[in-house]
Trainee: 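Before I ask anything, let me first share the structure, which is written out below as structure tokens.
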Amino acid sequence: MFNVEECERREWILPLRTGGYSSSTTCGINSRTYHGFLVVPLNQPHKRFLVLSKFEDFLIIDGEEYPINTNRYIDVYYPEGYKYLIDFKWGKNYVKWIYDYGKSKLEKTLIAHEYENAITVKYKAERGILKICPLITFRSHHLVTLRGAYFDTLVEGNKIDVFKDNIPILHFVVNSKMLKTEPTGYWYYNFFYVLDYEMGNNHKEDLYNPFCIYTDSEASILAYYDKASEVKEEDAPADLLRLMSIAAKDFVVKGKRGWAIIAGYHWFNEWGRDTFISMEGILLLNNLFDQAKDIISRYLSYENRGLLPNHFTADGEPMYLGVDVSLWAINAIYSYYLYTKDREFIKKIYPTLQNIIENYIKGNGIVYMKEGLLFHRGAPRTWMDASYDGHIVTAREGAAVEINALFYNALMIMDYFTKNIINDKNTYYADLAEKVRNSFNEKFITSWGLYDYLDPNMKPDSSIRPNQIFAISLPFSIVDEKTSKVVLSTIESELLRPFGLSTLSRKDPKYKPIYRGDRKSRDEAYHNGPIWPWLIGAYIDAKLKIEKNNIIESKLILDKIKPLLDYSKTHRGFIPEIFEDIPPYLQGGCIAQAWSVAEVFRSLNKLLSL
């Protein structure tokens with residue numbers, strides 16, 4: 001029997017590749033507002049709504065009901081289907097629960113449809129009758145429902161449509177040898193979501209049951225929002241690279257305005273920074289070059305005074321904030337070119353890239369040059385962007401170490417494009433890059449590596465953080481080998497962990513390794529101690545540069561990150577947003593983060609190809 005308290009913390013997710021998804025826990029207990037059988041985007045891939053929370057289901061044998069499902073209420077688990085659960089399997093596009101009731105075994109399989117806002121749930125029992133009661137709602141996946149909404153149903157044979165305010169929101173198609181539909185109209189009160197409760201979020205909900213159906217011992221129920229086709233179970237591969245390739249592609253979604261990369265499941269939408277950091281591991285390694293080109297073109301079309309969108313609203317409108325997004329974009333475009341040799345595309349977008357750089361050089365009110373370095377006004381504008389109640393946790397206003405490493409890298413990429421694709425021998429970008437490099441090496445280098453940032457008055461911040469690794473890891477390193485070795489040594493002694501890089505040295509008084517509690521507690525810790533798996537990619541790039549692709553050293557890296565690889569293998573290729581920096585290294589944040597998967601997948605491919 002499964003331990004019910006452990007069970008409601010063991011999550012699974014099946015992305016639909018529309019922005020929507022199906023997700024819950026191994027016992028079927030929803031423990032977040034984000035859990036549900038069917039979450040769909042109303043403005044694909046944005047504005048995601050939960051429409052089908054779950055099924056309240058039973059197996060009836062000789063007139064006695066045996067529970068399949070389990071719910072968590074405030075002080076009780078009911079019904080207690082988990083007591084009969086003997087196995088759980090997470091496949092490529094399905095999850096399967098196996099129950100043993102003594103008198104009969106039962107398999108319940110939920111299959112996610114690819115590129116459709118639909119799921120199919122199949123039941124197969126040795127004997128008995130199935131009673132299946134859908135619990136529905138219609139709300140943002142960030143919120144909860146309290147009693148008050150009204151739903152209507154229309155039954156036509158084996159097809160049942162659900163309406164809210166006369167608008168269809170959910171459709172069911174039931175296939176079984178026997179089918180009986182019973183109208184109910186019940187509200188179920190006080191579902192309790194323990195993970196949200198612990199984070200100080202909305203955690204109590206009411207759900208509506210419009211009807212129950214009775215079927216034979218075998219039944220198939222298709223539930224969809226807008227359209228659906230046939231679907232079959234597909235097993236997940238045993239090979240980790242193939243498994244991570246599948247997980248990587250689950251972040252790629254087709255929206256109304258083109259292709260996009262979802263930053264993280266459950267709650268993150270499309271983010272510019274995450275998109276370009278993830279691009280190689282998510283798209284290029286999977287030969288999704290058309291999708292990469294489409295995303296690059298769409299983002300560049302939103303270029304505004306050199307800035308590219310930080311993220312998009314639920315209505316799909318661009319928001320500008322990060323000063324590194326444009327620089328990560330140029331880095332991703334360089335990777336795209338190395339994979340495809342698409343000279344014509346580079347020629348086409350070259351003027352936009354020039355405009356980005358010129359706005360950074362001349363200043364646009366947010367970024368400006370000072371003493372050969374790139375500064376920025378306001379906060380938060382880097383990837384360390386936690387804030388709450390108007391308080392910025394890691395402001396880093398001024399000249400950030402990774403921003404300047406990225407700027408130098410972008411200038412060198414522009415020099416490469418200018419000379420090799422535009423066939424212009426002008427040294428403008430190379431000359432400017434050299435000035436940035438000289439100033440950087442004069443002002444950032446310290447005895448233990450690199451300062452994290454310089455404030456607007458040129459005062460350095462001595463926090464030992466992982467951001468300095470990008471001075472080595474990017475295609476064009478801004479520091480020499482001697483400095484690189486010092487930086488790498490500090491990273492390894494202060495920040496390297498089995499699951500990635502910690503965000504702050506344990507010796508720092510700001511260090512907070514535990515990511516739990518309410519939003520204030522979590523945001524104070526977010527970039528001040530927890531481990532971020534995506535940073536392992538930059539570490540491995542830097543390590544291989546310094547070690548000159550030494551095969552023996554690369555094998556040792558694999559040993560160091562084995563716990564991270566094992567985690568991915570047991571979680572269907574997915575890797576979360578963060579881990580706490582204290583054993584047992586509990587995961588935190590999103591359970592599946594694009595750049596975590598992308599960078600580990602990219603690095604693993606790189607190590608195994610040596």
Side-chain angles (χ1 to χ4, degrees), residues 16 18-24 28-30 32-44 47-58 68-69 71-73 78-79 110 112-113 116-121 130-176 179-193 196 202-215 219-228 314:
L16 302 173
T18 63
Y21 57 84
S22 180
S23 181
S24 186
I29 303 168
N30 289 347
R32 297 186 191 270
T33 61
Y34 298 98
H35 285 162
F37 277 8
L38 188 57
V39 175
V40 303
L42 304 191
N43 181 28
Q44 193 164 315
K47 204 170 185 179
R48 288 171 284 184
F49 267 52
L50 174 64
V51 292
L52 175 61
S53 179
K54 63 193 312 185
F55 289 151
E56 181 94 325
D57 41 13
F58 301 86
I68 303 170
N69 173 54
N71 301 317
R72 171 79 183 269
Y73 296 97
Y78 179 84
L110 185 154
H113 292 227
E116 294 179 336
N117 295 307
I119 61 163
T120 295
V121 181
L130 293 165
K131 177 184 178 182
I132 305 164
C133 308
L135 299 175
I136 69 169
T137 183
F138 188 72
R139 49 91 169 163
S140 165
H141 68 162
H142 301 299
L143 306 176
V144 292
T145 303
L146 298 179
R147 180 186 176 184
Y150 293 93
F151 301 91
D152 297 305
T153 58
L154 175 64
V155 180
E156 293 182 345
N158 70 334
K159 189 173 187 297
I160 307 168
D161 299 318
V162 180
F163 299 83
K164 185 179 186 299
D165 300 328
N166 296 318
I167 298 173
I169 62 164
L170 187 58
H171 310 275
F172 297 95
V173 178
V174 185
N175 286 300
S176 182
L179 174 60
K180 174 188 172 184
T181 303
E182 176 187 10
T184 50
Y186 300 142
W187 277 95
Y188 286 60
Y189 303 118
N190 296 321
F191 288 91
F192 181 77
Y193 302 141
D196 283 318
N202 297 317
H203 58 273
K204 288 195 293 185
E205 178 157 53
D206 304 332
L207 296 169
Y208 185 69
N209 167 231
F211 60 87
C212 293
I213 58 173
Y214 295 82
T215 73
S220 174
I221 304 173
L222 167 65
Y224 65 96
Y225 173 65
D226 44 13
K227 63 178 181 177

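Note that the structure is predicted; figures quoted are calculated from it, not measured.
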Trainee: Using the rule given for side-chain contact (heavy atoms from CB on, under 4.5 Å), can you reason through Thr145 versus Leu50, listing the C-alpha separation, both sets of side-chain angles and the distance that settles it, and then say yes or no?
Mentor: CA-CA 10 Å; Thr145 303; Leu50 174 64; over 6 Å; no
Trainee: How long is the span from the OH atom in Tyr214 to the CD atom in Glu182, to the nearest 0.5 Å?
Mentor: 4.0 Å
Trainee: Just checking, is any N or O donor in the side chain of Asn202 or Thr33 under 3.5 Å from an acceptor N or O on the other one?
Mentor: no
Trainee: For the pair Arg147 (side chain) and Tyr189 (backbone), establish whether a donor and an acceptor sit closer than 3.5 Å, ignoring hydrogens and angles.
Mentor: no
Trainee: Between Thr215 and Ile221, does the side-chain contact (heavy atoms from CB on, under 4.5 Å) criterion hold? Intermediate values first, please.
Mentor: CA-CA 10 Å; Thr215 73; Ile221 304 173; 5.9 Å; no
Trainee: Have Glu205 and Tyr193 got a donor and an acceptor in their side chains that come within less than 3.5 Å?
Mentor: yes
Trainee: Residues two or more places apart in sequence or in another chain: which of them pass side chain to side chain donor-acceptor pair (under 3.5 Å) with Tyr225?
Mentor: none
Trainee: Kindly state each residue pair satisfying ring-ring contact (aromatic ring centres under 6.0 Å, His included) with at least one member in residues 145-165, sequence neighbours excluded.
Mentor: Phe151-Tyr208
Trainee: Where the side chain of Tyr21 meets the backbone of Tyr34, is there a donor-acceptor pair that is under 3.5 Å apart?
Mentor: yes
Trainee: Mind checking the SG-CG spacing from Cys133 to Leu207? Nearest 0.5 Å is all I need.
Mentor: 13.0 Å
Trainee: Rounded to the nearest 0.5 Å, how far apart are OH of Tyr186 and SG of Cys212?
Mentor: 7.5 Å
Trainee: Suppose we screen for side chain to side chain donor-acceptor pair (under 3.5 Å). Which residues come up paired with His203, at least two apart in sequence or across chains?
Mentor: none
Trainee: Quick one: CG on Leu179 to CG on Leu130, what's the gap to the nearest 0.5 Å?
Mentor: 11.5 Å
Trainee: Roughly how far, to the nearest 0.5 Å, is the OG1 atom of Thr184 from the CD1 atom of Ile213?
Mentor: 11.5 Å
Trainee: When you measure from the side chain of Asn158 to the backbone N and O of Val173, does any donor-acceptor pair fall under 3.5 Å?
Mentor: no
Trainee: Donor-acceptor pair, distance only, cut-off 3.5 Å: does the side chain of Asp57 make one with the backbone of Lys131?
Mentor: no
Trainee: Look only at the side chain of Asp206 and the backbone of Asn190, and say whether a donor-acceptor pair between them is shorter than 3.5 Å.
Mentor: yes
Trainee: Can you confirm whether the side chains of Thr18 and Asn117 place a donor and an acceptor under 3.5 Å from each other?
Mentor: yes
Trainee: When the aromatic ring centroids of Phe55 and Phe37 are compared, is their separation below 6.0 Å?
Mentor: yes
Trainee: Just by distance, with hydrogens left out, do Lys54 and Asn30 show a side-chain donor and acceptor under 3.5 Å apart?
Mentor: no
